[in-house]
There are 2 protein chains.
Amino acid sequence: MGVTIRDVAKAAGVSITTVSRVLNQYTDVNPKTRQKVLKVIEQMGYQPNSVARSLVKNRTQTVGLVVSDLSKYRSGHHFMFDVLCGINDRAQELGYDLVLFSTTPTAQKKTTYMDFVKQRRVDGVVMMGIRLDDPYTHEVVEASIPSVLIDVPLTSKTCSYVMTDNVKGAKMAVEHLINLGHRQIGFVNGHDQAAVSKERLTGYIQALEGAGLSYHPDYVYYGNFEQEDGAQGVRCLKQRHPEISAVFFASDLMAIGGIKYIQSSGGQVPRDLSIVGFDDISLASLMQPALTTIRQMRYEMGRAAVETLLRMLENGETGRGMILPPELVLRETTEPFAK
Amino acid sequence: MGVTIRDVAKAAGVSITTVSRVLNQYTDVNPKTRQKVLKVIEQMGYQPNSVARSLVKNRTQTVGLVVSDLSKYRSGHHFMFDVLCGINDRAQELGYDLVLFSTTPTAQKKTTYMDFVKQRRVDGVVMMGIRLDDPYTHEVVEASIPSVLIDVPLTSKTCSYVMTDNVKGAKMAVEHLINLGHRQIGFVNGHDQAAVSKERLTGYIQALEGAGLSYHPDYVYYGNFEQEDGAQGVRCLKQRHPEISAVFFASDLMAIGGIKYIQSSGGQVPRDLSIVGFDDISLASLMQPALTTIRQMRYEMGRAAVETLLRMLENGETGRGMILPPELVLRETTEPFAK
DNA sequence: TAAAAATTCGAAAACGTTTTCAATTTGACG
DNA sequence: CGTCAAATTGAAAACGTTTTCGAATTTTTA
């Protein structure tokens, strides 16, 4: 059916080897014959079979993106989509195809990461949305093919990571609240199987201590990054500690949940509670009131991920961490503390 | 490096052929030897090389998802992401890998669809976000490998489509406004290189005429599905036709733009303008006021797409259209007309 | 018990490339 | 004109599977 290198060779009156040489821009082919071959290729509409090529080169020019819980029902995509765009764009620019895999903790028990990689024959993988207690998290650092983790600070010879400077981001958020005069500041964090949660807690504490305020473990609530967790978070916090005048949320979605909760119980934001989120998802600027938050450079994270992946892959560089700066974006959900 | 079928064969003391047979669950192999081979496979951690398999079978077990303008800067993803999840989930369930390609009109001029397909060796493709005047739109229906288009009603022997019943959806939206007593109803449509725009216009007109109202071409504004277009749309419409009391938008994002515009110019929704959107993106329910809109079953569209794709691919079925029902979801941006 | 049929297996070709190695041609130079 | 190096080419092996065809073995049948 399709036209093969053999057909081209015959039509051009040269050997297969020669055709292969012009395809791969080798220099040792006579300009005359190169032109002839090129013309035949053009005429016959020949496109090399990438599968055959992959087989002999043992390289697929493909990077796998494995995402945990990529699902309609999870809202992680508010964060993930831009990262995906970045990954996709950069991979395409560098001549790699991107193949998508979603996985779950249970699926990870059935098929080990090694088996996954051996089966799929991707040249490298970037992993996103994975939890610290997921099996793949630890299998990936020991794997033979290069990988980069998004938001999990683990490195090895073949494993890099990229993430935002979360302690700095959290610190900026809390310092902003402190500068506004707030002293009793709650924190609705994510679950503790996310590295970012630990870092953001650190930043929260550093900001507090930097301002001479004491850290009350009781002021932090652990949610699951979902909207309802945010609502639940402020409910608990405000109930147990009515003195709290501001809350920092580890995700915009939880912040939105918090705002909705306040509003639905008759309060107003920021009058009754100042709020800072994290991520700067597109919702944040569209809301009413618009959400003050810490922006993550998600698209750039994606690009950086494949960038470092291919550095390991093609230049044999060893794994390393990459930290991107956060940015405080001021909107309408914070105001000075009024005693 | 890796262990091959040859290694297992040797270790199990059988021929390559036999190993292949147990791998592909052929029946003509002695249960005894099957067990033996299976054990060796297990012990050696053998995983078949899918590339080699693809080469000989001329099938990659891979479907391509080509998306036009998948980009950080385009907001189509509010619609696309759920569809993508559906595609991904169903493909995975059916044993296919999903590989992602983003394209642009200019890229489509450089590489024809045929070349794209020959190069990538995907077994089928689903296409999304593409415009009627994109080159691929017409190349795809004539291609030899099966494809399904999202939101472009074109069929051929190898080409199917799936889309929402847009005329019905638009009709439902406008009828809802009519039932509330509105008589002067504007329409902010999408650009005319989207099939959905044409259909939604039809629905708009049908609803009007069904209620004995006359259709003013001047009441419809053509935007580009982006937020700013929505703002621009109501500005034009209200300026030229202050009598308009309600507007139907061809996307939620444009509706949001419209609402923002009204609010920023001192008005209120729905007091000053009743608004219905289209899509039911996650923003819609989170906004203030929450957006009344027409829901599309996006996730199901994705699933349906690979479903029909694989039916063409594996059962040789011929292309067909698939229409999913819309749903009116009532929220807070519409109210009865008060003269 | 011999023939026929069914079961089980293996050798080798094929898939479409790249790559190695050696052969051939060309060109320069004395 | 002969020689040597450089430039250009081709034959064949290799990549790791599946599949075809037929052979060997076992079972069934007459």
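As a basis for the values below, the full set of heavy atoms in this structure was taken, side chains included, without hydrogen atoms, waters or symmetry mates. Chain identifiers are assigned alphabetically (A, B, ...) following the order of the sequence lines, protein sequences preceding nucleic acid strands; residue numbering begins at 1 within each chain.
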query: Hey, what's the ring geometry for A:Y136 with A:F116, parallel, tilted or perpendicular (30° and 60° as the breaks)?
result: tilted
- request: May I ask you to say what A:N30 touches in the nucleic acid, namely base, sugar-phosphate or nothing, with a heavy-atom cut-off under 4.0 Å?
  value: sugar-phosphate
Can I get a per-line list of side-chain donor-acceptor pairs under 3.5 Å for residues 146-157 of chain B, giving both atom names and the distance, sequence neighbours left out?
residue : atom : partner : partner atom : Å
B:S156  : OG   : B:V141  : O            : 2.7
B:S156  : OG   : B:T158  : N            : 3.2
B:S156  : OG   : B:C159  : N            : 3.3

message: Based on the rotation axes of five pairs at each end, what angle does the helix from C:dT1-D:dA30 to C:dG30-D:dC1 bend through, to 10°?
response: 50°
task: Compare side-chain N and O positions of A:T18 against OP1 and OP2 of D:dG10 and report whether any pair is under 4.0 Å apart.
output: yes
For atom CG of A:D28 and atom P of C:dA23, their distance in whole Å: 17 Å
query: Are A:H77 and B:C85 close enough that some pair of their side-chain heavy atoms sits under 4.5 Å apart?
result: no
message: I want to verify a distance call: between D:dA11, C:dG10, C:dC9, whose nearest atom is closest to the B:T33 side chain?
response: C:dC9
task: Report yes if the distance between the aromatic ring centroids of B:F225 and B:F79 is under 6.0 Å, otherwise no.
output: no
query: In terms of side-chain geometry, is the basic nitrogen of B:R303 or B:E300 positioned less than 4.0 Å from the acidic oxygen of its partner?
result: no
- prompt: Does any pair with a residue in residues 118-129 of chain B pass salt bridge (charged side-chain N to carboxylate O under 4.0 Å, His left out), and if so which ones, sequence neighbours excluded?
  reply: A:D97-B:R120, B:R59-B:D123
Sugar-phosphate only, base, or nothing, as touched by B:V51 at under 4.0 Å among non-hydrogen atoms: nothing
What side-chain donor-acceptor pairs closer than 3.5 Å can you find for residues 5-15 of chain B, not counting sequence neighbours?
residue : atom : partner : partner atom : Å
B:D7    : OD2  : B:T4    : N            : 2.8
B:S15   : OG   : B:T17   : N            : 3.3
B:S15   : OG   : B:T18   : N            : 3.2
B:S15   : OG   : B:T18   : OG1          : 3.2

message: Each nucleotide in nucleotides 13-24 of chain D should get exactly one letter: B, S or -. Can you fill that in based on protein heavy atoms under 4.0 Å?
response: --BBBBBB----
Anything under 3.5 Å between a donor and an acceptor, one on a side chain of residues 35-50 of chain A, the other on a protein residue two or more places apart or in another chain? List them.
residue : atom : partner : partner atom : Å
A:N49   : OD1  : A:V51   : N            : 2.7
A:N49   : OD1  : A:A52   : N            : 3.2
A:S50   : OG   : B:Q119  : O            : 2.9

